[in-house]
Peer 1: 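Quick one: structure below, then a few questions.
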Amino acid sequence: MKMFIWLLIILMVLLVVFGVSIFNKLVRARNQAKNGFAQIDVQLKRRHDLIPNLVEAAKRYLTHEEETLSRVISARNHAQSLQDSTNHQPESLEHMALFAKAEGMLSKALGQLSAVVEAYPELKADSMIKELMDELTNTENRIGFARQHYNDSVMFYNNDREVFPNNLVSSTFGFRPLSPLVFADRDAIAKAPVVDMT
């Protein structure tokens with residue numbers, strides 16, 4: 001009888017240790033994904049800060065392209081307001097969808113601005129415009145890398161929380177799924193970083 005009680009106690013201790021191990025693994029995976037999301041935020045803030053400078057520098061050349069410039073600023077302001085909102089978290093699937101759509105629209109507007117810049121040789125030759133476009137291209141590349149890291153982290157976290165027996169711990173302790181960041185207009189995202197200033 002004593003042996004049975006000791007075996008039961010050992011089994012209970014092992015179950016608790018195993019449960020704590022799963023819990024800690026899920027916390028680490030969720031925190032890594034949230035850190036990846038924070039890195040995207042940093043790069044998007046940089047992008048949002050560059051755009052008004054680029055538009056202001058381009059205004060003197062693009063008097064006939066005011067619609068393109070206002071479209072860029074409007075898309076930037078909308079994307080920035082979603083980034084600054086209080087529910088800007090990867091756990092909010094609805095917010096992530098709106099956020100991705102807004103950033104996709106901004107990338108599309110930036111692609112149109114890039115095409116306009118290509119059409120004006122004097123604008124293309126301006127050193128400030130060139131510098132800002134290069135910065136924007138570098139930022140777009142950083143956003144792409146940060147997004148890839150975040151999406152990979154989300155995949156690992158979501159896999160960890162869904163497999164058995166982890167799903168017992170994740171459902172018990174409220175580990176909600178995270179949403180990957182998929183931009184609605186993939187073509188615009190692919191085109192935005194391509195800026196040829198030669």
Side-chain angles (χ1 to χ4, degrees), residues 26-55 58 67-117 132-163 167 170-171 174-196:
L26 289 170
V27 167
R28 280 191 294 274
R30 181 179 60 194
N31 288 344
Q32 181 175 357
K34 285 184 174 185
N35 181 54
F37 188 68
Q39 297 308 313
I40 293 171
D41 262 355
V42 167
Q43 297 308 323
L44 289 175
K45 177 160 181 22
R46 177 186 165 119
R47 175 196 210 193
H48 296 161
D49 290 346
L50 280 169
I51 291 170
N53 295 331
L54 178 62
V55 168
E67 184 181 331
T68 302
L69 296 175
S70 62
R71 202 174 307 132
V72 169
I73 289 297
S74 175
R76 178 253 185 202
N77 290 342
H78 179 62
Q80 187 176 30
S81 72
L82 284 172
Q83 185 182 19
D84 293 342
S85 72
T86 56
N87 65 341
H88 186 60
Q89 292 292 324
E91 288 103 346
S92 171
L93 302 180
E94 300 83 21
H95 175 75
M96 289 296 283
L98 288 173
F99 178 63
K101 184 177 180 184
E103 288 298 334
M105 288 172 38
L106 176 55
S107 291
K108 186 175 181 180
L110 286 172
Q112 291 168 345
L113 178 61
S114 177
V116 168
V117 168
L132 288 168
M133 291 299 277
D134 287 346
E135 263 318 295
L136 191 58
T137 299
N138 290 337
T139 301
E140 293 290 340
N141 289 333
R142 290 178 186 180
I143 291 168
F145 290 130
R147 202 176 89 220
Q148 180 180 356
H149 171 70
Y150 167 73
N151 286 343
D152 288 346
S153 297
V154 164
M155 180 191 66
F156 291 129
Y157 166 74
N158 285 338
N159 285 344
D160 279 347
R161 65 173 289 285
E162 292 172 14
V163 297
N167 61 348
S170 66
S171 61
F175 286 90
R176 295 179 9 192
L178 298 179
S179 177
L181 187 56
V182 180
F183 290 111
D185 191 344
R186 292 174 190 253
D187 293 335
I189 295 298
K191 290 176 189 169
V194 181
V195 179
D196 180 16

Peer 1: Once you round to the nearest 0.5 Å, how far does CG of L110 lie from CG of L136?
Peer 2: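 The CG atom of L110 sits 5.5 Å away from the CG atom of L136.
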Peer 1: Applying side chain to side chain donor-acceptor pair (under 3.5 Å), can you list everything that pairs with E135, at least two apart in sequence or on another chain?
Peer 2: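 Residues passing side chain to side chain donor-acceptor pair (under 3.5 Å) with E135: R46.
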Peer 1: Between S170 (side chain) and N167 (backbone), is there a donor-acceptor pair under 3.5 Å?
Peer 2: yes
Peer 1: Applying side chain to side chain contact (heavy atoms under 4.5 Å, CB included), run through V27 and R30 and close with a yes or a no.
Peer 2: CA-CA 5 Å; V27 167; R30 181 179 60 194; 4.2 Å; yes
Peer 1: Run the side-chain hydrogen bond (donor to acceptor under 3.5 Å, both in side chains) check on R47 and S107 step by step: do they pass?
Peer 2: CA-CA 10 Å; R47 175 196 210 193; S107 291; 2.3 Å; yes
Peer 1: Of all residues at least two apart in sequence or in a different chain, which pass the salt bridge (Lys or Arg N to Asp or Glu O under 4.0 Å) check with E162?
Peer 2: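 Counting only residues at least two positions away or on another chain, E162 forms no salt bridge (Lys or Arg N to Asp or Glu O under 4.0 Å).
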Peer 1: Between the side chain of D41 and the main-chain N/O of Q83, is any donor-acceptor distance below 3.5 Å?
Peer 2: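 Not at all, since once roles are kept as given, no pair shorter than 3.5 Å links the two residues.
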Peer 1: Nearest 0.5 Å, what's the CD-NZ distance between Q112 and K108?
Peer 2: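 Answer for the CD-NZ pair, Q112 versus K108, is 6.5 Å.
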Peer 1: Please round to the nearest 0.5 Å and tell me the distance separating atom CD of E91 and atom CZ of F37.
Peer 2: 9.5 Å
Peer 1: Roughly how far, to the nearest 0.5 Å, is the NZ atom of K34 from the CG atom of N31?
Peer 2: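 Nearest 0.5 Å value for the CG-NZ distance: 7.0 Å.
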Peer 1: If every non-hydrogen atom of A102 is compared with every non-hydrogen atom of L82, which pair is closest and at what distance?
Peer 2: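 Answer, listing the atom of A102 first, then L82: CB-CD1, 3.5 Å.
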Peer 1: Can you name the side chain to side chain donor-acceptor pair (under 3.5 Å) partners of E94, sequence neighbours left out?
Peer 2: none
Peer 1: To the nearest 0.5 Å, how far apart are CG in L44 and CZ in R147?
Peer 2: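 L44 atom CG to R147 atom CZ measures 10.0 Å (nearest 0.5 Å).
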Peer 1: Please tell me whether R76 and Q80 have a donor and an acceptor in their side chains that are separated by less than 3.5 angstrom.
Peer 2: yes
Peer 1: Salt bridge or not for D49 and K45, using N-O below 4.0 Å?
Peer 2: yes
Peer 1: Determine, stepwise, if the pair E103 / H48 fulfils side chain to side chain contact (heavy atoms under 4.5 Å, CB included).
Peer 2: CA-CA 10 Å; E103 288 298 334; H48 296 161; 3.0 Å; yes
Peer 1: Provide the closest heavy-atom pair for N158 versus P177 in the form atom of the first, atom of the second, distance.
Peer 2: OD1-CA, 3.5 Å
Peer 1: Under 3.5 Å, side chain of R71 to main-chain N/O of A109, donor-acceptor pair present?
Peer 2: no
Peer 1: Please identify each residue that fulfils side chain to side chain contact (heavy atoms under 4.5 Å, CB included) with I73, with sequence neighbours left out.
Peer 2: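 By the side chain to side chain contact (heavy atoms under 4.5 Å, CB included) rule, I73 matches I51, V55, N77.
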Peer 1: Any chance you could measure S92, atom OG, to L178, atom CG, to the nearest 0.5 Å?
Peer 2: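 The OG atom of S92 sits 11.0 Å away from the CG atom of L178.
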Peer 1: With sequence neighbours excluded, tell me which residues meet side chain to side chain contact (heavy atoms under 4.5 Å, CB included) with V42.
Peer 2: none
Peer 1: With a cut-off of 3.5 Å and sequence neighbours excluded, list every side-chain donor-acceptor pair involving residues 149-157.
Peer 2:
| unit_1 | atom_1 | unit_2 | atom_2 | d |
| --- | --- | --- | --- | --- |
| Y150 | OH | S179 | O | 2.6 |
| N151 | OD1 | L181 | N | 2.7 |
| N151 | ND2 | L181 | O | 3.0 |
| S153 | OG | H149 | O | 3.0 |
| Y157 | OH | R176 | O | 2.8 |

